[in-house]
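Have a look at the structure below, then the notes.
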Protein chains: 2
Amino acid sequence: MGPRKANTPTLTRGQIVRAAMTIVDRDGLEALSMRKLAAELGVGTMSLYYHVPDKSALYDLILDASLREVDLSDDDPDAPVEARVTGVAHAIRDTLLNHPRAAIIAMSRSLRTPTQLRPIEKLLQVLAEAGMSPAQAMQTVNVIGQYAVGVTVMYANHINDSEYRDEREGDYTELTPEEFPAMFQTMQHAEEFGDWDADFEAGLSALIKGLVTDRI
Amino acid sequence: MGPRKANTPTLTRGQIVRAAMTIVDRDGLEALSMRKLAAELGVGTMSLYYHVPDKSALYDLILDASLREVDLSDDDPDAPVEARVTGVAHAIRDTLLNHPRAAIIAMSRSLRTPTQLRPIEKLLQVLAEAGMSPAQAMQTVNVIGQYAVGVTVMYANHINDSEYRDEREGDYTELTPEEFPAMFQTMQHAEEFGDWDADFEAGLSALIKGLVTDRI
DNA sequence: CGTATTTATAGTACGGTGTACGAGATATGT
DNA sequence: ACATATCTCGTACACCGTACTATAAATACG
C-alpha cells in the first residue's frame, strides 16, 4: 500500500496507546513491538511515528494511561488521615494490578506527567490538611508511594513469572536443609502465608503508623 | 577465525559474568548484548553459548553475582533484633546500589538461587531467634525484603534516569499551581528533603517498629 | 601408538527489532 | 489554481538473540 488519506486522522494517539495496552495485557510487555502494534491497528509501521516520537515515549504513554485509571473519587475529606492515605495507596496498587504486565514501567522511569503525579498531589494534600510539615509530608509521600509501587510491581512480576515458569520445569530448588534451616522450618507452615495482599496491608499500616500517626 | 583450542577453557562462566557486569556498570543494562559481550572478551559470539544457555540465564547470573556481594558478616547475634534486621536491609540496599544499572533485574525475576536467598534465610533466622512465629516471620521478611529491594531499585533507576535526562531538555514540567497546589507549596521547602537514604531509613524503622517490635 | 570421543570455539544465517529517510497522497488556505 | 501543511507508509540499515553446523584440540581407550 502507499499513502492513503490525510488530514482526517484515522489514526490517533489514543488508539495507538489503547492497542498497545491490549497487546501488553494479552501477550506481555516484551511482545510489544512497533510492527506488531501497527499490525494490530491495520496500519503501516512507520505511521505510528507521526503520533509517537519513539518507543520510549510509547512506554510513557502506557504508564500514563494506566495511572489515569487511579480512582481517587471515593476519598472522604472527613475521614481520618490514616484511612485517606490507605485509600490512595490501595488505589495505586489496584491500578497497577489492573495491568500487571505493564507495571514494571512505573519502576524504570521517574514520574513526570500530571496524570502520573496526581496521586502524589493527593497524598500531599491529605497530609498537609492533617497538619504535617512540608518536609515530613514529602518524606512520607515518597516512602509510601515507593512502597506501594515497588511492592506491587514485585507482586505483578511474581504473577507473570509464576505463570511462565509453571510451563517450564519446576526444578528450581536445590536448597539443602543444612544451608537453609530457617527456610525449611518456615516452609512447613506454608499454608498460613503467601497472601500478598495481606502482606501489603501489614506493611502499609506499619508505615502509616510510624510515618503519619506517630508524627501527628 | 575458526576453532582454536579445546579442553583448556580459556573462557569461563565467571569471566563472562564479570565482563557482563563491566559492560552493565559502564554502559547500562540495555547496552548489554551477546555480541558486545563477546567482543569485550575478544571471543566469538557463539562461544558464549557453550557456557551460558541464553541471555535470560545471563541476567540471572548477573543478579547472582550482585547478590553474592551482600555482606552479612558484621551481624552481631547478641544485638537487638531491630538492629540485626536493619543491618540485613542495609546490606541488601548497599549491594544493589553497588551496581545500580543491574538492580532492576532483581525486580523482574523471583529469587531462586541459594545466593539470592541467603539474605532472606538470614532474616528468617534472626526473627526465629527473636521468638516470632513462622507465619509472622515470613510476612515480615516478605514485606521488609520487598521494601528494601523495591525502594532501592526505584532509587537506582532515578539516578540513571536523572543522568540521562539531564543531557536532554529539562522541559519536563508543565504543572500548573492551580492543579497541583500541594506540590508547589511543598517545593518551596525543597532543600529540606530529597535525601533518599534518610527516606529509606524512615520507612525501614517504621516497618521494623510495626512488624517486629510491636509483635515481640 | 592410532583412533574415537569429548570438549570447546566460532562462522553463517534466519527472523526479529527500532527507526531514519523520503516519497506519496489528501485536505486545507489563499 | 496552486502552494502548503498534514498524514501515511515502503524501503533500508544497523543491530539483536540464537539454531545449526563445522572445526580443531585435548583426552580416553584399544
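Every value quoted in this text rests on a predicted model; they were computed, and no experiment measured them. The figures that follow rest on heavy atoms only: side chains count, while hydrogens, waters and symmetry mates do not.
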**OP:** Find the distance A/Asp54:CG to C/dG18:P and express it as a whole number of Å.
**Re:** 11 Å

Subject >> Which nucleotide in C/dT19, D/dC7, D/dC20 has an atom nearest any side-chain atom of B/Met46 >> reply: D/dC20

Original post:
So, is A/Thr10 close to the D/dT8 phosphate, meaning a side-chain N or O under 4.0 Å from OP1 or OP2?
Top reply: yes

Original post:
Within the pair B/Ser47 and C/dA10, is there a side-chain N or O less than 4.0 Å away from OP1 or OP2?
Top reply: yes

Original post:
Are any non-hydrogen side-chain atoms of A/Trp196 and B/Gln146 less than 4.5 angstrom apart?
Top reply: yes

**OP:** Could you state the atom-to-atom distance from CE of B/Met34 to P of D/dG17 in whole Å?
**Re:** 7 Å

Subject >> A/Asp27/A/Arg101 ion pair, N-O < 4.0 Å >> reply: no

**OP:** Could you check how far CZ of B/Arg13 sits from P of C/dT7, rounded to whole Å?
**Re:** 15 Å

**OP:** Side-chain contact test, heavy atoms from C-beta onward, threshold under 4.5 Å: evaluate it for B/Gln185 versus B/His189 and give yes or no.
**Re:** yes

Original post:
Which of the following nucleotides, D/dG17, D/dT8, C/dG18, is nearest to the side chain of A/Lys55?
Top reply: C/dG18

Original post:
Roughly, in whole Å, what's the span from CG in B/Leu11 to P in D/dA26?
Top reply: 16 Å

Subject >> Along DNA chain D (nearest heavy atom to each residue), the more 5'-positioned of B/Tyr49 and A/Gly44 >> reply: A/Gly44

Original post:
Considering only side-chain heavy atoms of B/Lys36, which listed nucleotide, C/dT9, C/dG18, D/dC16, is closest?
Top reply: D/dC16

**OP:** Would you mind telling me which residue lines up with the more 5' stretch of DNA chain C, A/Ser33 or A/Pro53, judged by nearest nucleotide?
**Re:** A/Ser33

Subject >> Axial cation check for A/Phe200 ring with A/Arg93, 6.0 Å and 45° limits >> reply: yes

**OP:** Please report, rounded to the nearest Å, how far the C1' atom of C/dA10 is from the CG atom of B/Leu37.
**Re:** 15 Å

Subject >> d(CG, B/Leu48; P, C/dA10) in whole Å >> reply: 9 Å

Original post:
Can a donor-acceptor pair under 3.5 Å be found between the side-chain atoms of A/Arg35 and the base atoms of C/dG18?
Top reply: yes

Original post:
If we only count heavy atoms from C-beta on, is the A/His99 to A/Val24 side-chain gap below 4.5 Å?
Top reply: no

Original post:
Just how far, in rounded Å, is P of D/dC7 from NE2 of A/His51?
Top reply: 7 Å

Original post:
Expressed in angstrom and rounded to an integer, what is the separation of A/Tyr50 atom OH from C/dA20 atom P?
Top reply: 16 Å

